[in-house]
Every structure is written in C-alpha cells, then in structure tokens.
Amino acid sequence: MQSTTGGSAALYGTEQKQAIELAFSEINAAKTLKDIKLETIYADDGADRGQTVNIFQRLIRQDKVVAILGPTLSNSAFAADPIAQQAGVPVIASSNTAPNLTRIGDFIFRTSVPEDQVFPTVLRFAVKKHGIKRVALIYGLDDALTRGAHDVQKKAVADLGLESVGIESYQRGDVDFSAQLTKIRAQNPDAIILGTLAEEAAAILRQARQLGFDSKVAFIGCNANISAKLFELAGPAANGIIVGAAWYAGYDSLRSKAFVEAYRKRYGTTPDIYAAQGYDAAYLLAEAIRRADDVANGRLIRDKLASINDFEGVLGRFGWSAERDATVQPKVLIGDGDAKVFVAAAAT
C-alpha cells in the first residue's frame, strides 16, 4: 500500500509501487517460491491517514493478506501499523524514517534507514566541508516525518555546538516560503537545514535562489528530500544540496546495477532510493515466505523475516537491528542540479 496520489507523497509512493511490482514479477518468473505465487493487492491511501487505517482493516480482515508493504508516509504508519501489529500481520516499510516507528511492535520492520541514523553523519560532513557555524532550520509542522526529522536535526545541531539563528515552519500544502526565507536571510546563516518533503524542498531551493541568497549558504536536507523529482522540480537550484541515504542510483554493486537496469527497462526512468528500498522489502518478504513452513502463518513469517541477517540486497548486505531497522551504512550524497542526480560525497 503506497500513496500514488496526495501531493508530495506520490513522489515516493509511485516509485515504491513500481519497484515492488518489478520484484514480484521477477520472483514469480524465477519460481523462487516454487509453487507459491506472490500476488499484490494494491491500494492507494491518497496520503490520508484515515484512508490508511480503513485500507489496513480491509486488507487484514477481508483480503486476509499475509503481509503489508507500506504505507508511504510515517504519519499514516503511526495510525495504521498498530492494527497490523494487533492482528499479527508483518509490515515492511520502505519510506518511513520517523524515529521510534518500529517501537509500535515486533511485527513492524523497515528497509528505510531512520533519520537519526543518517542525519548526524550528514551534518558532520557539511560542517567540515563548508565551515558551518550558524544554521537556520525550516520544517513542516503537520507531518510525522518532517516533525521527526526536525527533532533529529535540532539535536544534531546542539550536539555539534552550532548556533541556531532561527527556526521557521510551514503547513502541509504551502507553496510560498518567501516569508520564512526572508526572515532566515536576515539572520545570515551559513546553512539552512530542511525538515521537508521533496516537493517543499524544491520550492524552498528555487525561492531561495530567487531571493538572492548567497551561493555560499549550504542547504542540508533530510531523507525525504532524496527523490528523483527533486531535480525535476528544483532544476539547477538543487545543485549542491547535501543529504544522506542508504543508497543512490550510482551505487557500485552488481545487485544494484542489475536493479537499476531492470527498472529503467520496465519503466523508462531511473529509480530513486524509495524504489530501491521497496524492491529490497519485496525480496525480503519473499525470502521470509521461502523459509516458512506455513505461508498463512503471520507469526512464522514474522519470525523468519526477523531471522534474516545476511541479506544481499540493492542497498548492500544487511540484516536487522534490535529494533528491526535495516542495518545499512548511510552515505553522504550531494545534488548535481545540472546532471539531475545525487552523487557520493568524495570524503565518504
């Protein structure tokens, strides 16, 4: 279940849906599970957490699914995952990065590396690269992911002893950030930290350039900014943005290269990190089903999923942490606004 409508969320949900469908078609064609065929029952929640709850209830009670891949937004996951936990249906998220999500219960997993495991590394790199001392922060008030990202960012700023010269916020659906940016510019920060979704990040980057921000001001983003659509929406204004991720399209591994090629062949576009995380989630679920003796037993599938500790995925080799987060080494990436891709930072 992903959000393929509903504003910014659709940027991530569409990639996840396509990658999962690609993975399932490969698994079925290869007869990885012998006589078992994986079938997807797809639902779009429109980035509406109320819809997410209703869909989870239907999938579990009526459709009798053995697992759920999704939802796209952390907001939705906090609302709906407890239903799956209570019903004993495993959930694997591939874009939820808000802190503490998996503490909902032992049936909740995620291939998306949480913000608090990524951002401190990103900020340390940015401080060293740009000599940052003064920072301003801007974030979305009404989304669990952006609020969670902001909390992590604020703590990382304090831990490094940086001066916070201003914190600005916005509501979901806002498209004009000139008031917030004008206040920030007056404080003369060395960097602006974004706790935003990709669509809002793109608008902020564009508008900052239009307002004449000094090119030396660094923009440091969160996990949610890592979308192929960021460059489409921001253009050259995305040049130089610093983010952290578990994966990027140029990642040098045979598994990753094969995935990128297959995705491009099927959909005609280059996958982003949400596609990669969704693809690995699908293969992890298939591996758990392969190891289980009873594929209708949710507890057994959960236990087999939790036992995987040597998975060779698109993201690299990993298992699960004690909190059922993917144990993947985060990578610092820098936006190339001209080539419209993220590239690995030379020092990481």
Side-chain angles (χ1 to χ4, degrees), residues 8 97-99 114-116 118-227 230-231 233-245 330 332-335 337 342 345:
S8 290
T97 57
E115 198 72 52
D116 56 4
V118 176
F119 186 77
T121 299
V122 175
L123 185 59
R124 283 194 298 270
F125 171 86
V127 167
K128 185 174 181 180
K129 179 178 175 64
H130 294 287
I132 294 167
K133 295 180 179 178
R134 295 162 50 84
V135 302
L137 301 92
I138 183 169
Y139 73 104
L141 278 171
D142 50 358
D143 185 279
L145 187 154
T146 56
R147 288 198 314 272
H150 175 67
D151 290 342
V152 169
Q153 292 167 342
K154 196 164 55 171
K155 182 178 184 302
V157 166
D159 288 348
L160 288 181
L162 303 177
E163 181 184 358
S164 176
V165 298
I167 297 176
E168 298 294 329
S169 61
Y170 64 88
Q171 300 282 348
R172 181 181 293 184
D174 287 355
V175 295
D176 184 357
F177 304 96
S178 57
Q180 293 96 323
L181 288 169
T182 298
K183 291 180 184 177
I184 287 172
R185 187 176 60 174
Q187 300 303 318
N188 195 30
D190 301 316
I192 299 173
I193 297 173
L194 306 176
T196 67
L197 299 179
E199 194 170 339
E200 290 89 349
I204 290 168
L205 290 168
R206 286 197 320 268
Q207 291 169 28
R209 304 309 182 199
Q210 291 164 1
L211 287 169
F213 269 69
D214 192 311
S215 60
K216 293 180 180 179
V217 176
F219 284 83
I220 308 168
C222 61
N223 259 308
N225 299 160
I226 306 164
S227 167
L230 178 73
F231 299 105
L233 297 170
N239 198 51
I241 184 173
I242 303 170
V243 295
V332 179
L333 308 177
I334 299 177
F342 285 106

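Positions are given from 1 along the sequence. This is a predicted model, so every value here is computed, not measured.
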Practice problem: Write down the atom of Val217, the atom of Pro189, and the distance for their closest heavy-atom approach. | Solution: CG2-O, 3.7 Å
Exercise. Kindly write out the residues that satisfy side-chain contact (heavy atoms from CB on, under 4.5 Å) with Asp116, not counting sequence neighbours, or none if the list is empty.
Key: Pro99, Pro114, Val152
Practice problem: Please report the shortest heavy-atom distance between Tyr170 and Gly195, naming the atom on each side. | Solution: OH-O, 4.0 Å
Self-check item: Nearest-0.5 Å distance, CG of residue Asp151 to OG1 of residue Thr146
Solution: 10.0 Å
Self-check item: Thr97 and Val118, any side-chain heavy atoms less than 4.5 Å apart
Solution: no
Quiz prompt | Beyond-backbone contact of Ile193 with Leu123, side-chain heavy atoms, under 4.5 angstrom | solution = yes
Practice problem: Please name all residues satisfying side-chain contact (heavy atoms from CB on, under 4.5 Å) with Lys129, sequence neighbours left out, ordered by chain then number. | Solution: Phe125, Ile334
Practice problem: Mind listing the closest non-hydrogen atom pair of Ile226 and Gly244 along with its distance? | Solution: CD1-O, 2.8 Å
Self-check item: Reported CG-to-CD1 distance for the pair Leu205 and Ile241, which is rounded to 0.5 angstrom
Solution: 5.0 Å
Practice problem: Can you run down the salt bridge (charged side-chain N to carboxylate O under 4.0 Å, His left out) pairs that involve residues 165-180, sequence neighbours left out, and say none if there aren't any? | Solution: Asp143-Arg172
Practice problem: Only pairs at least two apart or in different chains count here, so list each side-chain hydrogen bond (donor to acceptor under 3.5 Å, both in side chains) that has a residue in residues 198-213. | Solution: Ser8-Glu199, Ser8-Glu200
Quiz prompt | Side-chain heavy atoms of Tyr139 within contact of Ile167, under 4.5 Å | solution = yes
Exercise. Any chance you could measure Phe219, atom CZ, to Asn225, atom CG, to the nearest 0.5 Å?
Key: 11.5 Å
Quiz item: Would you say Gln171's side chain and Leu141's backbone share a donor-acceptor pair under 3.5 angstrom?
Solution: no
Quiz item: Residues two or more places apart in sequence or in another chain: which of them pass side-chain contact (heavy atoms from CB on, under 4.5 Å) with Arg124?
Solution: Pro120, Thr121, Leu160
Self-check item: Main-chain N/O of Ile132 paired with Asp190 side-chain donor or acceptor, under 3.5 Å
Solution: no
Quiz item: How close do Ala202 and Leu230 get, heavy atom to heavy atom, and via which atoms?
Solution: N-CD1, 3.7 Å
Quiz item: Is any side-chain heavy atom of Ile220 less than 4.5 Å from a side-chain heavy atom of Val135?
Solution: no
Self-check item: Beyond-backbone contact of Cys222 with Gln153, side-chain heavy atoms, under 4.5 angstrom
Solution: yes
Self-check item: Listed partners of Asp159 passing salt bridge (Lys or Arg N to Asp or Glu O under 4.0 Å), at least two apart
Solution: Lys155
Quiz item: Where do Leu145 and Leu197 land on the side-chain contact (heavy atoms from CB on, under 4.5 Å) test, with the steps shown first?
Solution: CA-CA 8 Å; Leu145 187 154; Leu197 299 179; 4.3 Å; yes
Quiz item: Side-chain contact, heavy-atom cut-off 4.5 Å: Ile192 with Ile138?
Solution: yes
